[in-house]
Amino acid sequence: MLEVYNTLSRKKEIFIPQDPAQVSIYACGPTVYNLPHIGNYRTFFMTDLLVRTLEYLGYEVKLVMNITDIDDKTIRDSGKAEMTLKTFTEKYTEEFFKGLDLLNIKRASEYPKATENLAGMIKLSQKLIEKGLAYEKEGSVYFKISSFPNYGKLSKLDSKKIKIGASVDVDEYAKDNPRDFALLKASSPKEIMRGIYYESPWGKVRPGWHTECSVMAMEAFGPTLDIHTGGVDLIFPHHENEIAQAEGATGKPFVRYWIHGEHLIVNGEKMSKSKGNFFTLPEIVEEYGGEVVRFMFLSVHYRKKLDYTKAFAENAKNNYSRLRETFEKLEFLLPSANLSHYPADRKTLESLPLFEAEFKTALEADLDTPKALKVFRKLSRSANTYLEKGKNREVLEKLLIQYKSFAAVLGLFEKKDKKIPIEVLKLVEKRETARENKQWEKADSLRAKVKELGYSVQDTKAGPQIKKI
RNA sequence: GCCAAGAUGGCGGAGCGGCUACGCAAUCGCCUGCAGAGCGAUUUCAUUCCGGUUCGAAUCCGGAUCUUGGCUCCA
């Protein structure tokens with residue numbers, strides 16, 4: 001039984017999908033106007049973790065994540081770059097996918113784009129106008145929050161008390177009430193000149209940000225979906241508005257479980273370009289590797305702020321390496337493991353189901369990855385201890401299977417190691433011969449050569465273990 | 001102003017009512033031609049402050065102090 005924290009109730013709830021055959025998840029995806037930063041990816045990671053956990057627990061999952069490829073920022077920055085909106089957003093969509101791969105984030109079933117869903121948005125707007133929940137003004141369509149009594153139920157904000165921002169939008173668009181939000185925005189003359197518009201009953205328009213998500217989510221799953229994910233900052237107004245639009249139109253509950261991921265901050269401060277503490281994913285991956293970044297995410301619960309600091313990153317790197325070391329050792333030793341030479345260690349074998357149970361319990365408790373990692377470490381230690389005294393094939397096999405099972409749920413150790421070059425293998429072989437003949441100087445110089453090629457050799461009882469540095 | 005979240009050892013950072021976090025650092029041992037790396041074990045050391053609940057609290061409940069975040073584009 002999976003328990004998740006539902007923002008709607010502010011409580012942990014037992015998760016029961018409406019359709020036992022398939023869990024429906026909609027995740028807010030990126031706005032493709034620049035390289036996503038590491039905090040963005042923490043949220044995408046969180047959704048990936050959720051999917052993997054559900055699959056581990058035996059569910060079939062369908063995940064849909066949108067790509068916002070038209071909004072104020074994409075229009076503005078594509079203009080600055082003197083590119084068409086399409087070319088510009090395609091470039092950053094590709095970057096986004098590259099980032100997912102770096103973090104072993106599994107692809108969603110679909111990535112619908114805002115620009116491809118205008119028909120649905122226009123239809124939704126029409127329906128809301130018919131119901132008296134929206135109105136047209138100067139070519140834009142706005143949602144009238146005063147007509148929707150449930151407004152504020154997710155964010156727990158009183159719609160009358162929401163502070164009106166000093167945003168330019170307030171005067172830029174003629175709304176009845178400054179708190180009303182746009183479903184469709186009238187395209188500006190400049191936008192029309194660039195071809196950024198769609199024909200609608202109210203003239204040439206482009207989508208409002210909130211509209212696309214409601215439309216694409218319902219397009220994929222119908223009026224009610226199981227889970228909707230996103231970052232905490234989307235609770236208000238984005239998700240609040242999604243609820244208003246969807247429930248206003250259908251009269252049915254839109255989302256059964258809202259799951260929000262906390263932010264990543266840097267040295268105790270919010271990431272921002274002006275503070276100079278803004279990190280894109282490639283920058284950090286460059287230094288630590290994608291799996292270590294993933295490990296960082298895993299080591300802090302998704303509803304807790306992750307304070308990214310140098311010390312924290314180093315810590316994660318060490319912890320990660322220790323786990324990986326054991327994994328590699330198991331893989332390395334297994335082929336040469338003797339069937340009967342060593343006795344099967346009962347204690348080790350019997351501990352495996354216990355670890356498995358503990359691991360599962362941890363994830364079921366609102367995706368408690370820090371605890372799951374703790375169990376993983378226990379397994380690692382247990383494996384290490386066993387390897388010191390015995391190498392029975394059966395035990396090694398079972399340890400490795402267990403190891404891989406944990407790793408798969410957490411999304412670790414998936415990077416396929418590039419094949420070791422023949423050159424390196426030959427050098428190592430020569431070195432072994434030299435060692436057998438006790439030609440230590442020769443052996444050492446060969447080791448140095450191997451190192452130059454970017455590999456290290458460790459002498460073990462089972463022979464030399466080669467690793468990429 | 002209105003909502004939230006958090007304060008743990010030399011450092012970083014888990015823990016969510018009783019039981020080992022873990023990593024770094026230190027010590028010992030194993031392994032080794034050497035080296036590195038690895039592995040195991042060990043010591044010292046903490047729970048922001050003040051109350052309360054409890055047989056028992058880092059953990060639950062008040063209060064204080066400090067820090068951070070949201071209320072506006074935002075993962």
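Residue numbering restarts at 1 for every chain, and letters A, B, ... go by the order of the sequence lines. Owing to the predicted nature of the structure, the values given are computational and were not obtained by experimental measurement.
- Base engagement by A:Arg377 is indicated by at least one non-hydrogen atom pair under 4.0 Å involving a base atom.
- The base of B:C34 sits with one of its N or O atoms less than 3.5 Å from a complementary donor or acceptor on the side chain of A:Asp459.
- Checking B:G33, B:U20, B:G13 against the side-chain heavy atoms of A:Arg435 singles out B:G33 as nearest.
- Among the protein residues, A:Leu264 comes within range of the nucleic acid bases, having at least one heavy atom under 4.0 Å from a base atom.
- Within the 4.0 angstrom heavy-atom criterion, no nucleotide atom of any strand lies near A:Gly261.
- Considering every non-hydrogen atom in both A:Glu212 and A:Asn66, the closest pair reads OE1-ND2, 3.0 Å.
- Summarising the geometry, the separation between CZ on A:Phe376 and P on B:U20 is reported as 22 Å, rounded to the nearest angstrom.
- Phosphate contact (OP1/OP2 of B:G38, side-chain N/O of A:Arg381, threshold under 4.0 Å): absent.
- A:Glu110 and A:Lys62 are joined by a salt bridge, as a carboxylate oxygen and a charged side-chain nitrogen come within less than 4.0 angstrom of each other.
- Nucleotide B:C71: paired with B:G1 (Watson-Crick or G-U wobble, both distances less than 3.5 Å).
- Taking for each of A:Thr385 and A:Lys374 the nucleotide of RNA chain B with the nearest heavy atom, the 5'-most of the two is the partner of A:Lys374.
- Counting any heavy atom pair closer than 4.0 Å across all strands shown, A:Lys371 reaches sugar-phosphate atoms only and no base atom.
- The A:Ile265 side chain lies nearest to B:U68 when the options are B:A75, B:C74, B:U68.
- Summarising the base pairing, B:U47 is matched to no nucleotide, lacking a Watson-Crick or G-U wobble pair whose two defining distances lie under 3.5 Å.
- A salt bridge is absent between A:Lys91 and A:Glu95: the closest approach of a Lys/Arg side-chain nitrogen to an acidic carboxylate oxygen does not fall below 4.0 angstrom.
- Put simply, the side chain of A:Asn318 and the base of B:G23 share no donor and acceptor less than 3.5 Å apart.
- When both pairing distances are held under 3.5 Å, B:G40 makes a Watson-Crick or G-U pair with B:C28.
- When the nucleotides B:G38, B:G33, B:G69 are ranked by their closest atom to the side chain of A:Trp440, B:G33 comes out on top.
- Using a 4.0 Å heavy-atom criterion, one finds that A:Lys329 contacts the sugar-phosphate atoms exclusively.
- Taking the six-membered ring for Trp and the full ring otherwise, the centers of A:His239 and A:His210 sit at least 6.0 Å from each other.
- If you check every strand for non-hydrogen atoms under 4.0 Å, A:His37 touches a base.
- For A:Asn315, counting side-chain heavy atoms from C-beta on, the closest listed nucleotide (B:G23, B:G33, B:A75) is B:G23.
- Protein atom OH of A:Tyr386 is 18 Å distant from nucleotide atom C1' of B:G38, rounded to whole Å.
- Between A:Phe44 and A:Phe96, the ring-plane angle classifies as perpendicular under the 30° and 60° cut-offs.
- For the pair A:Asn40 and A:Phe312, both in contact range of RNA chain B, the more 5′-proximal nearest nucleotide belongs to A:Phe312.
- In this structure, A:His260 atom NE2 and B:G70 atom C1' are separated by 13 Å, rounded to whole Å.
- Close placement of the A:His228 and A:Tyr26 rings is indicated, their centers lying within 6.0 Å of each other.
- In this entry B:A58 has no Watson-Crick or G-U wobble partner, no candidate having both defining distances under 3.5 Å.
- For A:Asp444 against B:G33, a side-chain-to-base donor-acceptor contact under 3.5 Å is present.
- Taking 3.5 Å as the limit, the base of B:C34 and the side chain of A:Arg447 contain a donor-acceptor pair of atoms between them.
- If you take OH of A:Tyr5 and P of B:C16, they are 18 Å apart, rounded to a whole angstrom.
- Out of B:G23, B:U68, B:C74, the shortest distance to the side chain of A:Asp233 is found at B:C74.
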